[in-house]
Amino acid sequence: MIENLLLGFSFSLSPTSLLYCLLGVTVGTIVGLLPGIGPVSSIALLLPLTYQLDVLPAVIMLAGIYYGVQYGGTITSILVNIPGEASTVITCLEGNQMAKKGRAGPALGIAAFGSFIASSFAILVITLVASPLTKLALLMGPPEYLALMIAGLCLVIYLSGESLLKSLIMAVVGLLLSTVGIDTVSGQTRFTFGLTPLLDGVDLALMAMGIFGFSEVLSILETRGQRNETVQLKTRARDLLPDRSDWKASSMPIARGSVLGFFLGLIPGGGAVLASFMSYAVEKRFSKRKAEFGTGVIEGVAGPESANNSACIASFVPLLNLGIPSNPVTALLFAALMIHGLTPGPLLLRDNPEFFWGVLTSMYIGNLILLLLNIPLLGLLVKILAVPGYIMAPVITVICFTGAYSLDNDPSSILIVLVFGFFGYMMKKYRYDPAPLILAFVLGQIMENSLRQSLAIFHGDLLQIVARPVVMTILTTTLLVFFSPVVTRTVMNAWSRRPLRRGQGST
Amino acid sequence: MHKRDIVSSLFFLFLGTFFLVNSFRYSIWAGFSPGPGFFPLTFGILLTLLSLLLLLDRIGRQRRRGARAIAFTEIPQFPQARAIAIYFGCCLGVYLLIEFLGYLVTIFLFLLAALPLAGQKSAGAVIATACMTSIGIYALFVALDVPLPPVPFEMAASLWR
């Protein structure tokens, strides 16, 4: 393990890697600060900029954006009571109350330290489990992978959006879009309508730029000319350090948040948002001062902030070790790796150990930079919030178009962004969650190949595939989880009707 | 809520049917494994069924509620629709003109139109922001070695030729 870490640090401590790590975490912090722009849209926008880079600095920068966002979002949640990012929504509850009581410093401080501790914990666990997990993953064949992908997709559908049916529809649309382009087996073109840019299929970066980036521009335009409330922060760097009582109250929430976040980060669809909400619920349950929750309790900041960072780092495990992205951000990182000629999965660690350990060790460095960046530069960072929407919207549009155009110097890429941007805007209006669509789109192509390989191995007998013990276990568990609300509701209804029938019979 | 879902389910019903019908243009099964039409057919059927389910469910709920008048909030609101439509038109302009006018001129003109639409009122600020943003982003991409042809003023170059 020590040799692996040393190998990783020898790559991640190179000047180029350090520069891109700094760039990534800085962009991530800024993106996290600005409400409305999430990690998915920023990674999609910056993806074309990384095409000319080597794969390691490119992924180090994109990963830095992802975990940097969690830090930046906290600042907005605590100081302005507007979540900069979905995973920091819950921090508003206690963090902003603390700020109103004049304790913004300790809230921001404990969030930054908690995030750092949780991230370090998650990175350490990944370092320990990466090699055994990869050995296990190498034992799996195409049928097991197919089952895992189905399970992952079902969990994302189950956990996202307000309606299961609408999330299912989104996932199926994503699967259908994944069929566009040349069929890898027969060589036939499918649904390209004679358009050359569609021959290689719909480009994930263009789709993400449209759905997450350009659609956001159209939403910003709805609040035309409005200016974000300027924040005045009168906190000095040394006031940000939590005192002994704060540390005493926060140490266990940080520990619990780190562990909980890590496990939830491994689950497809779980991720940072679910982890922060779960952690808040757990802290409220374990706290000796439950009644004070909602009035500015530091445990309510320490737990969720640790959990979302831990989950964010943990979501790299399914991506790098199994080759299965578990959320839209890791789906984009998956695309970035493929563009650079690396296939995420168990073979990545075996064939490109310098890349795997380089990315992992860069996270240690990135989190340290974030801690050093967040505390002294907080006053400066907060000023970014004053950037008005009327400047942000056109600038994002130009970055979108420039990135899209630079992909293959074809204006039709801009048209594809516009089409998906309009689609994404309408989805938002009609309350459809785009996460299942993006994930299904990425998984669709791999699922189709896995199904074909599996059927070829078992001479077209689907029953033989399903009957494999691992496949059967994964699919049964998925079905149980997926239909658990229906089953629970049916059982509860039957249970509630039972005494009523008895009562009716006796009269 | 229900009205909103009825409209969207009709769109997805159309999309599902489109993929379903067109999937028959490809072979569905070849030897031991699925052909190129298998996935579009399967997911086309699934999307059609799911959208039908959503449509029927929402119509049923609407009827059960018994209210013919739909609350105003149930239909998606489009504030600033005119400005958004013009903005979208300007974006289409970028698509049409970028090859002809070159990157810098097209983006500068786009920003001149887009900034006031987004709410920037001062003419001086519009020109300054348009200049700085177009040159800044161009410089950033070029500095990072990302190819951004055609070069500015491609129009002049083509006229010269």
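If you measure heavy-atom distances from B:Ile107 to chain A, the contacts under 4.5 Å come from the side chain alone. Contact of B:Phe19 with chain A is made through backbone and side chain together, with heavy-atom distances under 4.5 Å. For A:Thr189, the part lying under 4.5 angstrom from a heavy atom of chain B is the backbone only. Only the side chain of A:Leu165 comes within contact range of chain B, judged by heavy atoms closer than 4.5 Å. Contact of B:Leu96 with chain A is not made at all, since no heavy-atom distance falls under 4.5 Å. With a 4.5 Å cut-off on non-hydrogen atoms, A:Met427 does not touch chain B at all. Heavy atoms closer than 4.5 Å to chain A are found in both the backbone and the side chain of B:Leu115. Interface remark: A:Val185 contributes no atoms to any contact with chain B (heavy atom separation under 4.5 Å). At a 4.5 Å heavy-atom cutoff, the contact between B:Thr133 and chain A is made by side-chain atoms alone. In this structure, chain B has no heavy atom under 4.5 Å from any part of A:Val417. Of the two parts of B:Thr42, neither the backbone nor the side chain holds a non-hydrogen atom closer than 4.5 Å to a non-hydrogen atom of chain A.
With salt bridges taken as basic N to acidic carboxylate O contacts below 4.0 Å, one links A:Arg190 and A:Glu448.
Scored by the ring pair (Phe, Tyr, Trp, His ring centres under 6.0 Å) test, B:Phe12 finds A:Tyr432 as partners (sequence neighbours excluded).
Across A:Asp183, A:Ile414, A:Leu176, the residue that shares the most heavy-atom pairs under 4.5 angstrom with chain B is A:Leu176. Taking chain A as the reference chain and counting heavy-atom pairs below 4.5 Å, the highest number among B:Pro40, B:Gly35, B:Ala114 is found for B:Pro40. In terms of heavy-atom pairs under 4.5 angstrom with chain B, the leader among A:Phe401, A:Tyr425, A:Phe458 is A:Phe401. For chain A, the option among B:Cys91, B:Ser23, B:Gly16 with the highest count of heavy-atom pairs below 4.5 Å is B:Cys91. Note on B:Thr129, B:Asn22, B:Leu15: by heavy-atom pairs under 4.5 Å with chain A, the leading option is B:Asn22.
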Could you check A:Leu437 against A:Met207 for side-chain contact (heavy atoms from CB on, under 4.5 Å), going step by step and ending with a plain yes or no? CA-CA 10 Å; A:Leu437 185 145; A:Met207 189 199 262; 3.9 Å; yes
Intermediate values then yes/no, side-chain contact (heavy atoms from CB on, under 4.5 Å), A:Met209 and A:Phe214: CA-CA 6 Å; A:Met209 269 185 224; A:Phe214 188 68; over 6 Å; no
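Aromatic ring centres of B:Phe108 and B:Tyr103: separated by at least 6.0 Å.
Within a 6.0 Å sphere centred on CG of A:Asp200, heavy atoms belonging to other residues, nucleotides or ligands number 12 at most.
Ring geometry, A:Phe193 versus A:Phe191: the interplanar angle falls from 30° to 60°, so the pair is classed tilted.
A distance-only check finds a donor-acceptor pair linking the side chain of A:His340 to the backbone of A:Thr50 [under 3.5 Å]. When atom types are taken as modelled, the side chain of A:Thr179 and the backbone of A:Leu175 share no donor-acceptor pair closer than 3.5 angstrom.
Listed by first then second residue, pairs satisfying salt bridge (charged side-chain N to carboxylate O under 4.0 Å, His left out) with a partner in residues 388-399 of chain A number zero, not counting sequence neighbours.
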